[in-house]
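Everything on this sheet refers to the single structure shown next.
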Amino acid sequence: MMHTMLGWGIVTAAAAGLGLGFIRLLRIAAIGSAYKAKAICSAIFVSGRDLGSVLAEDVSADSYRVMRLFRTRVDPGRRTVTASFLGLRPRTAVYRAGLGATLVGDGALYGGLGAALPSAPTADPARPWPEGEPRGLVAAADPRLARAVAKVFTEPDPRRLRRTRAVVVVHDGRIAAEQYAPGFGPHTPLPGWSMAKGVMSSLIGILVGQGRLALTDKVLLPEWSGPRDPRREIRLDDLLRMRSGLAFSEIYSDPLSDVTRMLFASSSAAAAAAVQTMRTAPGRAWAYASGTTNILSRIMRLALERAGENHLAFPRQALFGPVGMRSAVFEPDAAGDFVGSSFLLATARDWARLGWLYAGDGVWAGRRVLPPGWVDYCRTPTPQSPQGRYGAHWWLKLSKEFGGDTPAAGRIPADAFFAMGHEGQVVAVIPSLRLVTVRLGLSVYVDAWDQAAFLSDLLDVFANPA
């Protein structure tokens, strides 16, 4: 869900490099360089932000401050960003239109785009949200809602800054309120980090609905097809529910753990995850693993390629286009697979569209986008997850870091579910109240953001109308 200690783990280990073996130092330096290059490349070329503000906060604030040791070079003409640790192990991220930022590996970037990517649909300003776009910012009509939203942008603890950048509240199918920090706005695509997992679940669901995949499918990857390979028994359902049994370390305080190497040191995130051995039999134990999502991304690609289709165009054709997520950019790795666990940017309004699709049982403007029963499947607790906290690539309860163990969390309706990501990104869906909220920010100390308290304030408005 969250990369809580990612920046700190990388940079402190790199800064302490004199006490490490030189080879290990180089490996850590390369991962830190990749993180900084990728973050900056996405921020300036996808989000359209200025380099100065990105350097001042996104890769240097709080526990990221040691990242200042990593030098950065931006080439606007080639649309590349290169970072290195004191000149060691430089890594480069390149921007490509429609595909966002991709870290360059040892080989060439995947270029099999085939037919041109479909263009983003144009919003109709004459139609209300979600089919159209409001001409200006939507201010809260209810003073209680205005106060609740404004509160999100305050900083109650100067030592653990929230840095909220965008909030959108949707009620009964319309934006009830929205607010943005200076330098951000309704047209600024921002990273969702692990909220991308909810998108990957949606894309897999669409393929299941089309009959191209089935939850009971096994032998999901060619490298798992050996007759004695225990991974051949992993079902698609097991991957979606994070109970594949694969050994995968989701430890961000270790800069050389499986997840950090997968995201920032591998040309193929899916291959880095798929090579893992089995820790338990499939379906027996739950373990949150971003590698699982990137395996799903490869499975999606294989299913589409079997039909001769351009997998890079599929998200826009099947999901983003139909629900009007015009800003969404799903970023692939150098091998051409979407990094489904982590690398997707969209405006707060478009993240809210994803939530509203799920609040409406997968139906958008009278058209079914997700197959019947898919939303219920995603919201059904995985028995092996602690207290049934996880469904199928969606969270059913807030994490402890987001106030999940507080009295405020106890007020949240039982049918609520969530997409949550690094640095405090949250889409909350409460179907019983016809309520969707989006919060995007840079909470480097992830517990600086209390999602439960925010929802509790909103319940005072929507569960107790004046």
Side-chain angles (χ1 to χ4, degrees), residues 1 128-131 138 140-142 144-149 151-152 167-178 195 197-199 201-202 205 241 323 348-383 385 387-399 402-420 425-439 449-466:
M1 176 191 63
W129 191 96
E131 290 80 15
V138 179
D142 188 319
R144 297 174 301 164
L145 177 58
R147 288 192 296 271
V149 171
K151 182 179 175 182
V152 172
V167 166
V168 171
V169 178
V170 172
H171 183 243
D172 206 22
R174 295 291 180 260
I175 296 177
E178 63 182 335
M195 294 200 310
K197 292 177 172 69
V199 172
S201 171
S202 306
R241 294 195 172 279
V323 304
R349 288 176 178 176
D350 279 353
W351 284 113
R353 285 183 168 94
L354 176 69
W356 188 245
L357 174 67
Y358 273 77
D361 191 37
V363 175
W364 190 268
R367 172 189 172 185
R368 179 157 287 285
V369 177
L370 302 177
W374 189 257
V375 173
D376 284 341
Y377 166 72
C378 292
R379 294 170 51 197
T380 300
T382 298
S385 65
Q387 295 88 47
R389 302 182 75 88
Y390 201 74
H393 265 53
W394 284 81
W395 290 91
L396 309 184
K397 298 180 187 298
L398 289 174
S399 67
F402 286 168
D405 292 343
T406 63
R411 299 187 63 205
I412 299 172
D415 66 335
F417 56 106
F418 312 90
M420 297 187 280
Q425 323 310 325
V426 186
V427 174
V429 183
I430 309 179
S432 60
L433 295 179
R434 295 182 61 77
L435 181 67
V436 170
T437 70
V438 175
R439 186 271 181 179
W449 172 242
D450 191 333
Q451 177 71 20
F454 174 49
L455 290 180
S456 181
D457 288 342
L458 295 183
L459 290 176
D460 290 338
V461 178
F462 295 108
N464 300 291

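The CH2 atom of W356 lies 13.0 Å from the CZ atom of R353; values are rounded to the nearest 0.5 Å. The OG atom of S399 sits 7.5 Å away from atom CZ of R389, with the distance rounded to the nearest 0.5 Å. In this structure, CZ in R439 is found 7.5 Å from CZ in F402, a value given to the nearest 0.5 Å. L370 contributes atom CG, which lies 4.5 Å from atom CG of L357 (distance to the nearest 0.5 angstrom). Residue D457 holds its CG atom at 11.5 Å from OG1 of T437, rounded to the nearest 0.5 Å.
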L398 and M420: CA distance, side-chain angles, deciding distance, side-chain contact (heavy atoms from CB on, under 4.5 Å) verdict: CA-CA 8 Å; L398 289 174; M420 297 187 280; 3.8 Å; yes
Residue pair V429, L354: steps toward the side-chain contact (heavy atoms from CB on, under 4.5 Å) verdict: CA-CA 10 Å; V429 183; L354 176 69; over 6 Å; no
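A distance-only check finds a donor-acceptor pair linking the side chain of R368 to the backbone of D361 [under 3.5 Å]. With hydrogens and angles ignored, the 3.5 Å screen pairs a side-chain donor or acceptor of D415 with a backbone N or O of S432. At least one donor-acceptor pair closer than 3.5 Å links the side chain of T380 to the backbone N or O of D376.
Because its NZ or CZ atom is not both nearer than 6.0 Å to the ring centre of F462 and within 45° of the ring axis, R144 does not count as a cation-pi partner of that residue.
A heavy-atom distance below 4.5 Å is found between the side chains of W374 and S201.
Taking the six-membered ring for Trp and the full ring otherwise, W395 and F417 have centroids separated by 6.0 Å or more.
The side-chain contact (heavy atoms from CB on, under 4.5 Å) with F454 is formed by just one residue from the set L459, V426, V152; it is V152.
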